[in-house]
Amino acid sequence: MHELGCLRPAASDSTTTASSSPAWSRERLGDLGVTTDLMTAARMLGIGRTTAYKLARAGTLPVPAVRVGRSYRIAVAPLIELLGLDKEPRA
């Protein structure tokens, strides 16, 4: 499983502010692999643990969640697409 703490945040330069720079850089997204755990997806979506599990159980999470044993796995590609992180940044 991927631990969010082991991924480095995107480096920002002096031309961007914290509010305009993405929290997830392309490099960081590439480090996730094909699937990620529910908590990483929840952080990306800006929702809490309880809400994430509630939505996953109900099948209403905005991205597909697959239950594997006692945990959920989330496909990264639909998550990236949902958040619009698959598009090239504007110059």
Side-chain angles (χ1 to χ4, degrees):
M1 267 200 274
H2 293 283
E3 291 294 325
L4 195 56
C6 70
L7 298 174
R8 290 185 306 256
S12 62
D13 60 13
S14 60
T15 61
T16 61
T17 63
S19 62
S20 67
S21 64
W24 289 86
S25 68
R26 292 190 186 285
E27 177 182 295
R28 201 167 166 207
L29 289 170
D31 289 343
L32 287 176
V34 176
T35 64
T36 191
D37 60 282
L38 183 59
M39 290 317 303
T40 299
R43 285 184 196 101
M44 291 176 75
L45 293 169
I47 59 176
R49 178 185 184 279
T50 304
T51 301
Y53 277 98
K54 189 182 295 184
L55 293 173
R57 276 193 304 274
T60 56
L61 197 65
V63 292
V66 177
R67 185 151 185 183
V68 180
R70 294 179 62 176
S71 65
Y72 288 93
R73 297 302 295 172
I74 311 299
V76 173
L79 185 59
I80 289 171
E81 187 177 335
L82 174 72
L83 296 173
L85 300 173
D86 57 338
K87 297 173 179 55
E88 290 292 324
R90 291 189 221 174

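Judged purely by atom type and a 3.5 angstrom limit, Arg57 has no side-chain atom pairing as donor or acceptor with the backbone of Gly59.
Shortest non-hydrogen contact noted between Arg70 and Arg67 is CA-NH2, 3.9 Å. Across all their heavy atoms, Ala42 and Gly48 have their closest contact at CB-O, 4.4 Å.
The side-chain contact (heavy atoms from CB on, under 4.5 Å) test applied to Pro64 returns Pro78, not counting sequence neighbours. In terms of the side-chain contact (heavy atoms from CB on, under 4.5 Å) criterion, residue partners of Ala65 (sequence neighbours excluded) are, by chain and number, Ala56, Leu61, Tyr72, Ile74. Partners of Thr60 according to the side-chain contact (heavy atoms from CB on, under 4.5 Å) rule, which considers only residues two or more places apart in sequence or in another chain, are Leu55, Ala58.
Considering CG of Leu38 and CG of Leu45, their distance stands at 9.0 Å, rounded to 0.5 Å.
Applying the side-chain contact (heavy atoms from CB on, under 4.5 Å) test between Met44 and each of Leu85, Val76, Leu82 identifies Leu85 as the sole match.
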